[in-house]
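Order of the sequence lines fixes the chain letters, A, B, ..., with proteins taken first and strands second; residue numbering starts at 1 for each chain. Everything quoted here is computed from the prediction, not taken from an experiment.
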Amino acid sequence: MRISQLFGKTLREDPADADTSSHRLLIKAGFINQLVSGVYSYLPLALRSLKKIETIIREEMNLAGAQEILLPTLQPEEIWKRSGRSVAFGETLFKLKDRRDRDLVLGPTHEEVITELVKGHIRSYRDLPVNLYQIQTKLRDEARPRAGLIRVREFAMKDAYSFHSTQEDLDKTYDGMVSAYQSIFSRCGLDVRAVDADSGAIGGKDSQEFILLTDTGEDEIVLCGSCDYAANMEKAQSNIERVIDDTKGGLKEVYTPGIKTIDALSKEFHVPQTKILKSVAYVADGALVLVMIRGDLDVNETKLVNYLGAQNIHIATDVELREEGLIPGFISPLGLEGVRVVGDHSVVSEVDVIVGANREDYHYTGARHGFDFTIAESIDLNRVQEGHECVECGGKLTINKGVEVGHVFKLGTKFSETFGATFLDSDGTEKPMVMGCYGIGVGRILGAAVESNHDDKGIVFPKAISPAQVIIVALNTDDATVDAAANLLYETLIGQGIEVIIDDRDESPGVKFADADLIGIPFRATISARSIKNGNTVEIKNRMDGNDQLIHLPLDDVGKIIEAVT
RNA sequence: CGGGGUGUAGCGCAGUGGGAGCGCGCCUGUUUUGGGAACAGGAGGUCGCGAGUUCGACCCUCGCCACCCCGACCA
């Protein structure tokens with residue numbers, strides 16, 4: 001690969017519309033080009049990285065016993081209606097019609113298609129298990145594409161689907177996929193953490209996300225500082241410190257004009273927020289639900305949705321509250337009738353608390369659970385906060401940002417039952433296949449890798465996914481000796497199977513060095529009039545080191561040069 | 001979908017009711033060559049699109065579109 005002929009130029013100035021590091025650098029270094037929102041062209045350097053990532057994925061998937069296939073992008077909407085996911089995906093599903101006015105969708109994922117496929121090919125438990133994967137373009141009309149390759153509408157994804165006769169057999173394959181994923185990410189040179197995840201509306205018991213920790217990530221991850229507990233915020237649990245307090249004031253109604261927030265109550269009464277009961281009203285599938293939670297905590301809406309089994313929830317508007325006779329800012333479970341009340345387990349306490357009075361401008365003080373009010377349904381509904389105690393070991397939890405680069409699910413029989421993907425078991429009975437699914441975002445790995453591997457000069461590629469191992473920077477290209485030496489090294493390294501780029505442009509040294517740093521190839525080999533004069537040498541620099549860390553090697557010792565750049 | 005912002009040369013940006021500009025990049029030539037060289041000459045525009053106001057609109061008004069950011073959303 002000669003930079004003089006390379007399609008795709010580096011930019012000298014930062015692109016205006018990119019403010020996350022990976023987005024900015026991938027455009028600036030000439031890797032990607034946006035066509036419309038969330039849709040990119042991949043130029044030669046990017047494609048090289050993507051192919052490397054794909055190769056690593058293929059090798060590990062094959063090793064784990066999965067077989068590669070390729071499924072259609074264009075799919076009949078009918079199968080999406082059958083699975084109920086035409087509605088579930090909603091606007092995210094790209095829809096179109098063919099010339100016969102038939103409804104089609106562009107596949108955002110392939111559970112429906114694969115289940116139909118396998119249904120037609122597997123009849124007996126003897127044919128199971130199978131694990132099929134593909135690397136395919138997926139299309140999702142995301143509400144808001146963002147951050148370059150991190151969240152796009154058209155993207156390459158590796159997805160695998162496994163089919164089993166028993167749950168235990170699924171468990172085995174699932175574990176195998178988890179360890180294959182760990183190999184994939186570690187071979188890519190990325191520090192990816194597996195975390196427990198909520199399995200959402202798709203159902204199924206186990207689910208793990210694979211997260212690359214980076215500050216610009218859009219997912220929140222809870223990690224324990226003392227053990228290996230790791231969970232997605234939606235799923236994370238914690239032990240909440242109990243509040244100990246002996247004061248028993250007795251229930252009193254107090255005039256609190258205009259004091260509607262936990263913060264204001266805390267200041268007014270000079271009490272910690274832990275001694276105030278927060279009332280949060282939701283509308284879940286059309287019905288009002290009051291959620292009670294300790295004042296210092298927030299509601300985890302995913303936990304609430306899962307507990308209620310609701311399709312949709314939203315925080316009740318003031319209008320919706322007044323319709324039910326509730327007074328915004330002064331809501332209370334005391335004396336409330338006809339409204340379902342659920343509580344986070346933090347409300348079950350021995351402590352006197354302040355709570356609304358269901359009356360404009362009044363609160364109660366000295367309210368006690370079990371005496372003045374009782375919340376029958378109390379379960380874990382709170383959002384973990386920084387510093388909470390780990391449920392596994394009692395250590396301190398931290399909240400971290402990250403990018404989801406992989407996700408594995410135990411699907412169970414949801415799809416096989418819907419599509420009639422059954423098999424004849426050894427006992428002669430017909431059973432639905434037990435399924436698992438396993439996804440990895442290929443482009444997203446590239447984006448996330450750059451996000452977590454760069455400095456102020458540019459990208460710093462992990463070796464395994466870099467477009468090349470070494471970039472030869474030839475200075476003084478009009479000097480025939482330099483030119484010949486650089487080209488000889490280029491050809492020799494290619495002959496030895498080293499992936500090498502040569503910057504053979506007639507540019508000033510500053511431009512070449514800056515571009516080499518920007519593109520982020522792990523090793524730079526500089527050949528110049530100076531290095532030739534200096535004992536016919538080449539200067540090797542590791543991209544991760546500072547500029548003064550140079551190794552001088554004789555040009556005729558190719559073995560040493562290869563050793564230095566691999 | 002709610003809120004905010006931007007749209008002028010390949011990229012980054014300035015601009016005024018009456019001549020469409022600057023920096024970088026690009027082309028030609030000369031001189032340069034170890035951290036984004038210098039000089040000289042040059043090419044490149046539907047000022048997002050459409051209506052309106054005006055003698056005259058890149059500029060004012062209205063409508064539309066696109067893109068970015070925050071939020072909602074993210075099987």
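Pair check for B/U16 finds none; no Watson-Crick or G-U wobble contact set falls under 3.5 Å. In this structure, B/G45 forms no base pair with any nucleotide, since neither Watson-Crick nor G-U wobble geometry is met with both distances under 3.5 Å. With both pairing distances under 3.5 Å, B/A40 is matched to B/U28 as a Watson-Crick or G-U wobble pair.
Spacing between B/G48 and B/A66 at atom C1', rounded to whole Å, works out to 7 Å. Nucleotides B/A57 and B/U8 are separated by 14 Å at their C1' atoms, to the nearest Å.
Between A/Ser508 and the phosphate of B/U32, there is no side-chain N or O to OP1/OP2 separation shorter than 4.0 Å. For B/G25, the OP1/OP2 oxygens have a side-chain nitrogen or oxygen of A/Arg12 closer than 4.0 Å. Phosphate proximity of B/C74 to A/Arg151: absent, as no side-chain N or O sits under 4.0 Å from OP1 or OP2. An OP1 or OP2 oxygen of B/C70 is reached within less than 4.0 angstrom by a side-chain nitrogen or oxygen of A/Arg144.
Comparing B/C69, B/G35, B/C26 by their closest approach to the side chain of A/Asp19 singles out B/C69. Considering only the side chain of A/Asp478, B/U33 comes nearest among B/U33, B/A75, B/C68.
Residues A/Asp455 and A/Arg543 are paired through a salt bridge, judged by an N-O separation under 4.0 Å between the basic side chain and the carboxylate. For A/Asp171 and A/Lys410, the salt-bridge test passes: some basic side-chain N is under 4.0 Å from an acidic carboxylate O.
Heavy-atom nearest nucleotides on RNA chain B were determined for A/Lys28 and for A/Asn476, and the one closer to the 5' end corresponds to A/Asn476. Along RNA chain B, the nucleotide nearest to A/Leu518 and the one nearest to A/Pro108 differ in position, and the one closer to the 5' end is contacted by A/Leu518.
The base of B/G12 has none of its N or O atoms less than 3.5 Å from a complementary donor or acceptor on the side chain of A/Asp14.
Of the candidates A/His407, A/Gln136, A/Lys138, A/Asp159 forms a side-chain hydrogen bond (donor to acceptor under 3.5 Å, both in side chains) with just one, namely A/Lys138.
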